[in-house]
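Counting starts at 1 for both ligands and their atoms, following the listed order. All of these numbers come straight from a predicted model, not from anything done at the bench. Atom set for the values below is all heavy atoms of this structure, side chains included, hydrogens, waters and symmetry mates excluded.
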Amino acid sequence: MSIAITTHALLFPIPMQGPVNCMLKLAELLCLSGISVTVLNTEFIQRNLLRHTNVLSRFSRYPNFRFQTISDGLPDDHPRSTERFVEVFEGMKNVTEPSFREMMVSGCFCSNSECPVTVIIPDGSFSFALDVAQEINVPLIYFETVSPCALWTYLCLPKLIEDGEVPFNSNDLDVSIKSVPATETFLRRRDLPGFCRGDNITSHLTEIILNEARCVPRAHGVIINTFEVLDASILVHLRNVCPNIYCIGPLHNLFKSCLAMEPELVTQTVGSNSLWEENRTCLSWLDKQPAKSVIYVSIGSLAIMTKDQFFEIWHGLVNSGKHFLMVKRPGSVIGEYDDSQVAKILVDETKKRGFFAEWVPQEEVLAHSAIGGFLTHSGWNSTMESIVEGVPMICWPLNVDQQVNSRFVSEVWKIGIDIKDTCDRVVIEKAINDVIDLKRNEFIKSANALANSAAQGVAQDGSSFKDLNRLIKDIKSI
Ligand code: UDP
């Protein structure tokens with residue numbers, strides 16, 4: 001007698017806000033198509049999700065969904081802050097990787113368990129998952145939550161090293177880079193991922209990226225959060241290395257569009273996957289501001305800045321004379337200061353036309369009619385969310401994929417200004433005035449065109465909608 005095996009996808013995000021958010025959205029889309037889904041979160045991430053969202057009640061509508069947790073190897077009271085993220089990587093290596101293997105080979109997801117996994121969908125940086133998948137003969141599809149342009153630089157990293165373009169010393173960051181096909185005319189040293197800087201590239205992060213470059217092409221497929229029109233020039237090259245790519249972006253938009261097609265879900269709100277408490281009063285404050293007048297500032301969930309950089313940005317905002325909404329995530333500004341060190345003009349002007357919050361519902365903020373520009377660290381999710389809403393960006397990238405994303409924003413898509421490697425109040429003031437006033441029309445023209453293409457991509461029969469359906473079909477037929 002043969003036993004029917006249910007299609008069961010295991011989604012395994014890296015423990016960071018952006019990827020967790022994306023994986024949960026994908027999980028919901030797969031559940032809607034009848035696939036059984038487990039999301040494997042670290043205990044730390046799961047605790048914060050449960051604390052700040054209604055994720056459990058939201059997912060209770062899917063009988064084919066469940067969460068499973070895994071240890072990240074760190075004590076409960078470890079902050080998992082950016083400065084100590086190396087310890088997170090070490091904990092993952094020492095504890096999470098072996099536990100994951102055990103779960104898959106002989107534990108709760110093995111072939112003779114009650115719910116064997118039929119496809120593994122881990123974060124693109126989890127190279128260990130490919131070895132496990134091959135050991136137990138289960139197909140694996142990577143979910144790359146970084147941009148295609150960043151992924152392309154990662155895949156080219158061995159060639160960059162072989163050609164002697166990386167590592168480089170940071171004295172002259174304007175030297176052109178030639179070993180990343182499709183970007184030869186505009187990519188400079190300063191636009192490569194931050195870990196390429198410095199005389200040696202033996203960091204833990206570089207090792208992860210080199211492993212990623214080795215493993216991603218060997219997977220059954222790769223899911224990317226982009227849409228064809230946005231990244232056509234890079235996708236051509238990526239497909240030569242990874243032939244089976246599913247472009248399902250902008251994922252948050254595709255998600256909304258698919259939910260709206262479900263008769264029982266059409267009235268439901270989308271719901272948050274935030275790991276911090278969202279301050280929703282910023283939305284009422286935005287309601288009172290004139291259309292397209294506010295500059296929104298956020299450096300995402302991981303990046304940090306020094307106290308001096310924070311004050312430069314704050315001065316730039318105030319000197320621009322524009323309204324601003326700034327996210328100051330707990331722990332994101334390094335260095336102590338007390339209120340007596342804050343210039344009076346900053347306090348007075350912020351009362352008149354500024355709003356500070358620790359964490360906001362960013363998708364809703366960017367969709368608000370009062371937002372005129374986004375000063376961003378150029379994380380990929382933030383970039384996609386801004387593109388969807390046609391909001392021009394001022395890019396102040398700090399780490400990993402952000403340096404290359406910001407170059408694409410300014411040079412390829414022409415929807416913003418890249419101020420990387422500076423943090424000067426005069427530069428910031430000028431960039432704000434350009435984006436909100438002086439060069440607004442030129443940015444808005446390209447931003448609206450991309451926002452329209454993004455909307456077309458997620459509509460029924462759009463390229464991302466089709467790729468999602470192809471992904472679902474492939475997962476079911478595996
Ligand atoms: N985000 C949010 N509220 C905030 C700041 C950020 O919801 O106050 C979300 C944002 O919408 C995005 C994610 O956090 O989805 C950040 O991801 P991104 O890839 O932009 O940057 P990362 O945090 O990974 O550096």
Taking the basic N atoms (NZ, or NE/NH1/NH2) and the acidic carboxylate oxygens, is any pair closer than 4.0 Å for R47 and E43? no
Atoms of ligand 1 under 4.0 Å from any heavy atom of W380, numbered from 1 in the order shown, are 19 (O)
Interatomic distance, OG@S293 vs CD1@I436, rounded to 0.5 Å, equals 7.0 Å
closest protein heavy atom to atom 25 (O) of ligand 1 is H377 NE2, 2.9 Å
Is E364 salt-bridged to R280, cutoff N-O under 4.0 Å? yes
So the atoms of ligand 1 within less than 4.0 Å of a heavy atom of G379 turn out to be 18 (P), 19 (O), 20 (O), 21 (O)
Determine the interplanar angle of the F324 and F356 rings, folded into 0 to 90°, and report it as parallel if under 30°, tilted if 30 to 60°, perpendicular if over 60°. perpendicular
Are T69 and Q46 linked by a side-chain donor-acceptor pair shorter than 3.5 Å? no
Taking 4.0 angstrom as the limit and counting only heavy atoms of S298, give me the atoms of ligand 1 inside it, by number and element. 5 (C)
Taking only non-hydrogen atoms of A303, do any sit less than 4.0 angstrom from ligand 1? no
Can you tell me the protein heavy atom closest to atom 9 (C) of ligand 1 and the distance? W359 CZ2, 3.9 Å
Using a strict cut-off of 4.0 Å, indicate which atoms of ligand 1 neighbour a heavy atom of G300. 23 (O)
Exam field: side chain N253 to backbone G249, donor-acceptor pair closer than 3.5 Å: no
What protein heavy atom sits nearest atom 11 (O) of ligand 1, and how far off is it? E385 OE1, 2.6 Å
Summary of ring pair (Phe, Tyr, Trp, His ring centres under 6.0 Å) pairs that have at least one residue in residues 361-400, sequence neighbours excluded: Y296-F374
Where is the nearest protein heavy atom to atom 3 (N) of ligand 1: which residue, which atom, and how far? V360 O, 2.6 Å
Considering only the protein, which heavy-atom contact is closest to atom 20 (O) of ligand 1, and what is its distance? S382 OG, 2.5 Å
Ring centre gap for F186 and F408 strictly below 6.0 Å: yes
V327: numbered ligand 1 atoms lying under 4.0 Å from its heavy atoms: 8 (O)
Who's the nearest protein heavy-atom neighbour of atom 23 (O) of ligand 1, and how far? S301 OG, 2.4 Å
K352/E349 ion pair, N-O < 4.0 Å: yes
Can you tell me the protein heavy atom closest to atom 19 (O) of ligand 1 and the distance? N381 ND2, 2.9 Å
What's the shortest distance from atom 13 (C) of ligand 1 to any protein heavy atom, and which residue and atom give it? Q17 CG, 4.1 Å
